[in-house]
Amino acid sequence: MSAQKPSIPQGTRDFGPAVVARRNYIFGVIRRTFEKFGYAPLETPTLENLSVLTGKYGEEGDQLLFKVLNSGNFLKKQKGEVVKDEVTPDDLQAGPRAVLPKIAEKGLRYDLTVPFARYVVMNRGTLTFPFKRYQIQPVWRADRPQRGRYREFYQCDADVVGTDSLLCEAEIVLMMCEVLNGIGLTDFTIKINHRRVLGAIYQALGGEGTEMDLFTAIDKLDKIGRDGVEKELAERGFSPDATDRLFALLGVEGSFEEKLERLLAGFVTAGVDADNATADGYKGLQDLRRVYEYLQEFGFAQFDHLDFDVTLARGLSYYTGCIFEIKINNVNMGSVSGGGRYDNLTGAFGLPGVSGVGFSFGVDRLYDCLEELNLFPAAVATTTRCLVANFDADAERAVLPVLRQLREAGVASELYPEPGKLARQFKYADAKGIPFVLLQGSEERAAGQFKLKTLSTGEERVLSLEQVLAELA
RNA sequence: GUAGAUAUAGCUCAGCUGGUUAGAGCGUCGGAUUGUGAUUCCGAAGGUCGUGGGUUCGAGCCCCAUUAUUUACCCCA
């Protein structure tokens with residue numbers, strides 16, 4: 001067998017020590033924030049039954065699911081045993097749709113929200129509601145990789161189910177700010193909108209075309225511009241008149257509150273009907289106003305980062321209330337976070353009427369942003385604090401108790417594992433970013449002293465063990 | 001699924017109109033220095049030029065196919 005060039009699957013990555021340290025730094029900020037807001041950790045299996053995953057992400061989503069082949073021989077009946085769901089020639093003739101359910105019954109998780117919904121339903125008897133959980137795990141999508149898009153990537157979700165309170169929405173904004181501030185990002189925009197505002201816009205246009213066509217077209221506004229949206233809507237059966245009315249509504253400007261008022265006036269003028277309205281106003285606008293008020297009452301100080309963006313639509317079909325998205329403004333990168341409220345996510349698993357709201361950070365994209373903006377603190381990288389030099393067998397023996405005492409004092413230390421040239425050992429320390437090297441050759445040992453070298457300055461000092469420990473601890 | 005780009009040393013990349021033995025920087029290793037890294041100086045190792053075919057007296061370079069990587073579209077974190 002000839003040696004093969006090793007490789008990893010498309011869209012996956014190895015993370016070396018330095019990268020892991022930086023990723024953990026981001027994870028740490030997110031985890032501490034979630035916990036500070038009262039969310040408890042949850043983990044679910046990498047594999048879910050395919051029946052849990054399919055049909056939750058739309059037709060395209062189903063195609064992006066990684067399916068896992070059943071073990072065992074599903075093509076041929078073994079001698080003397082019965083194979084359940086054997087693939088028949090007829091199935092093969094009928095194509096993938098007939099074959100797939102028989103050869104794959106598990107899939108890799110596609111996001112963290114659906115497994116969470118599945119968990120809530122399975123454990124509804126034991127959970128205390130409202131249930132707040134966070135979850136930091138990788139997810140997989142069989143997408144074409146490109147900038148900021150991977151086939152394996154981490155999501156950091158925080159969701160609360162079992163309450164309609166808009167306080168949760170307001171707290172999502174708070175957590176988003178806290179995390180972004182915590183990792184040093186300053187130029188960002190938290191976009192917020194409401195599915196029912198979009199619904200009202202659809203009605204204001206007179207009910208032409210479909211909601212989905214309208215929303216996906218609106219969502220692209222900042223990318224393809226007004227002309228592009230007009231063209232796309234025309235192709236989907238929207239009249240020029242409707243398109244004009246759309247841009248009149250999308251064009252509302254001003255502060256958060258001013259936009260709310262102007263949209264309300266627009267909806268009234270357009271005669272948006274009562275299906276989408278309540279006695280005292282329009283539900284979507286009302287919700288957004290309440291979220292805004294909560295933030296004010298809390299003493300939120302970063303309204304300049306919060307943007308009521310009427311064009312924000314988001315793809316996932318299960319959102320029903322507020323929707324969120326974060327854009328880092330000075331980096332060319334897709335959204336680093338998104339979320340929203342879903343009134344009936346657990347309905348698919350037989351538990352209707354449970355409302356939830358949540359959001360997710362894409363760590364891999366946050367990482368790419370920090371990298372590009374050079375925002376990683378230098379201190380994140382190193383692990384070992386002190387390298388103990390290894391002169392020879394005698395010195396090695398003598399220095400082992402010192403190694404123990406360094407570690408007992410909480411100083412991350414290592415002894416160079418074999419005696420050898422000091423040049424090599426210093427190079428090792430330098431390459432690994434170890435700040436101190438501790439030396440005790442025959443001279444120092446005779447004097448009962450140590451030599452401690454600070455690599456960044458080149459300074460060397462002769463010290464007692466107590467002094468070394470005091471210096472490094 | 002659609003379209004483009006790229007593939008040469010461990011890494012980043014040069015390589016002229018197709019012409020002798022394919023180069024540089026960084027990294028690695030050895031030495032200058034048998035008790036000192038980063039810095040300096042000297043030296044060495046390292047290549048089926050992604051793979052397969054074709055054109056040609058001659059191919060890293062041109063043509064075809066194929067694989068991988070990558071960017072954009074769709075969609076999304």
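Every chain is numbered from 1 and lettered A, B, ... according to where its sequence line falls, protein lines coming before strand lines. No experiment lies behind these values; they were computed from the predicted model shown.
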Exercise for review: Counting Watson-Crick and G-U wobble pairs only, both distances under 3.5 Å, name the nucleotide matched with rC76(B), or none.
Suggested key: none

**Study point:** Verdict with supporting geometry, R461(A) and E471(A), salt bridge (Lys or Arg N to Asp or Glu O under 4.0 Å)
**Key:** CA-CA 11 Å; R461(A) 281 179 293 166; E471(A) 190 70 28; 3.1 Å; yes

Point to revise | Watson-Crick or G-U counterpart of rU39(B), or none if no pair lies under 3.5 Å | key: none

Practice item. Quick one: sort the Y202(A) and F238(A) rings into parallel, tilted or perpendicular, breaks at 30° and 60°. Key: perpendicular

Check your understanding: If the P atom of rU20(B) is compared with that of rC13(B), how far apart are they to the nearest Å?
Key -> 26 Å

**Study point:** Residue whose nearest RNA chain B nucleotide is more 5′ - G362(A) or I224(A)
**Key:** I224(A)

Exercise for review: Scan G458(A) against the nucleic acid and name what it touches under 4.0 Å (heavy atoms): base, sugar-phosphate only, or nothing.
Suggested key: base

Check your understanding: Which whole number of Å gives the distance between the C1' atom of rU66(B) and that of rA72(B)?
Key -> 23 Å

Check your understanding: Reckon R424(A) touches a base, only the sugar-phosphate, or nothing at all at heavy-atom distances under 4.0 Å?
Key -> sugar-phosphate

Exercise for review: Please check if any side-chain donor atom of Y292(A) sits under 3.5 Å from a side-chain acceptor atom of D287(A), or the reverse.
Suggested key: no

Exercise for review: Please determine, for the side chain of K427(A), which listed nucleotide (rU36(B), rG37(B), rC74(B)) has the closest atom?
Suggested key: rG37(B)

Point to revise | R385(A) (side chain) donor-acceptor with S413(A) (main chain) under 3.5 angstrom | key: no

Review point. Can you tell me how far C1' of rA77(B) sits from CG of D364(A), to the nearest Å?
Key: 8 Å

Check your understanding: Between Q135(A) and D157(A), do the side chains contain an N or O donor and an N or O acceptor separated by less than 3.5 Å?
Key -> no

Practice item. For rA3(B) versus rC74(B), give the span between their C1' atoms, rounded off to a whole number of Å. Key: 12 Å

Study note, to complete from the structure: Between CZ of F361(A) and P of rC76(B) the distance, given in whole Å, is 20 Å

Review point. Now, which nucleotide makes the Watson-Crick or G-U wobble pair with rC16(B), with each of the two distances under 3.5 Å?
Key: none

Point to revise | Spacing of the P atoms in rU8(B) and rU51(B) (rounded, Å) | key: 10 Å

**Study point:** Nucleotide opposite rU48(B) in a Watson-Crick or G-U pair, distances under 3.5 Å
**Key:** none

Study note, to complete from the structure: Picking from rU71(B), rU36(B), rC75(B), the nucleotide nearest the side-chain atoms of Q146(A) would be rU71(B)

**Study point:** Complementary nucleotide of rU70(B), counting Watson-Crick and G-U pairs under 3.5 Å
**Key:** rG4(B)

Review point. CD of E460(A): more than 12 outside heavy atoms within 6.0 angstrom?
Key: yes

Check your understanding: Heavy atoms under 4.0 Å, any strand shown: does A429(A) hit a base, just sugar-phosphate, or nothing?
Key -> nothing

Exercise for review: Would you kindly give the CG-to-P distance between L438(A) and rG37(B), to the nearest whole Å?
Suggested key: 18 Å

Review point. Hey, does the side-chain of R144(A) have a donor or acceptor N/O within less than 3.5 Å of a partner on the base of rC76(B)?
Key: no

Practice item. Run the ring-centre check on F303(A) versus F256(A) and record whether the distance is less than 6.0 Å. Key: no

Check your understanding: Which whole-number value in Å describes the distance from I8(A) CD1 to rU70(B) P?
Key -> 9 Å

Exercise for review: Nearest whole angstrom, please: distance from the C1' of rA77(B) to the CG of L180(A).
Suggested key: 13 Å

Exercise for review: Taking the six-membered ring for Trp and the single ring otherwise, decide whether the centroids of Y39(A) and Y134(A) are under 6.0 Å apart.
Suggested key: no

Exercise for review: Can you tell me the distance, in whole Å, between the CZ atom of R147(A) and the C1' atom of rU6(B)?
Suggested key: 18 Å

Check your understanding: Within this structure, what is the NZ-to-C1' distance between K421(A) and rU36(B), rounded to whole angstrom?
Key -> 12 Å

Practice item. With C1' as the reference atom in both, quote the distance from rC16(B) to rG60(B) in angstrom, rounded to an integer. Key: 13 Å

Check your understanding: Atom CZ of R151(A) to atom P of rC75(B): distance rounded to whole Å?
Key -> 19 Å

Point to revise | Phosphate OP1/OP2 of rU36(B) contacted by Q425(A) side-chain N/O (<4.0 Å) | key: no

**Study point:** Sugar-phosphate only, base, or nothing, as touched by S360(A) at under 4.0 Å among non-hydrogen atoms
**Key:** nothing

Review point. If you take atom types as modelled and just measure distance, does the side chain of E460(A) reach the base of rG35(B) with a donor-acceptor pair under 3.5 Å?
Key: no

Study note, to complete from the structure: As its Watson-Crick or G-U partner within any shown strand, both distances under 3.5 Å, rC62(B) has rG54(B)

Exercise for review: Give Y150(A) one of three labels, base, sugar-phosphate or nothing, depending on what nucleic acid heavy atoms sit under 4.0 Å from its own.
Suggested key: base

**Study point:** Rounded C1' spacing from rU55(B) to rA9(B) in Å
**Key:** 30 Å

Point to revise | F426(A) over rA38(B), stacked by centroid distance under 5.5 Å, angle under 30° | key: no

Exercise for review: Assign S442(A) to base, sugar-phosphate, or nothing according to its heavy-atom contacts below 4.0 angstrom with the strands shown.
Suggested key: base

Review point. When we call it a touch if two heavy atoms are under 4.0 Å apart, what does K451(A) touch: a base, just sugar-phosphate, or nothing?
Key: base

Review point. Are a donor atom and an acceptor atom from the side chains of D213(A) and T210(A) found within less than 3.5 Å of each other?
Key: yes

Check your understanding: Closer than 4.0 Å, any side-chain N/O of K220(A) to the OP1 or OP2 of rC75(B)?
Key -> yes

Practice item. Evaluate the ring pair (Phe, Tyr, Trp, His ring centres under 6.0 Å) criterion for residues Y428(A) and Y416(A): first the C-alpha distance (whole Å), next the side-chain angles of each, then the deciding distance (0.1 Å), finally the verdict. Key: CA-CA 9 Å; Y428(A) 174 82; Y416(A) 196 81; 5.3 Å; yes

Point to revise | Closest to the Q10(A) side chain, choosing from rG35(B), rU70(B), rA77(B) | key: rU70(B)

Revision key, fill the gap. Numerically ordered, the residues 170-179 of chain A set in heavy-atom contact under 4.0 Å with RNA chain B is none

Check your understanding: Heavy atoms under 4.0 Å, any strand shown: does Q440(A) hit a base, just sugar-phosphate, or nothing?
Key -> nothing

Practice item. List the steps and the verdict of ring pair (Phe, Tyr, Trp, His ring centres under 6.0 Å) for Y154(A) and F27(A). Key: CA-CA 10 Å; Y154(A) 269 74; F27(A) 285 131; 5.2 Å; yes

Practice item. Would you tell me if any nitrogen or oxygen in the side chain of K453(A) comes within less than 4.0 Å of OP1 or OP2 on rG35(B)? Key: no

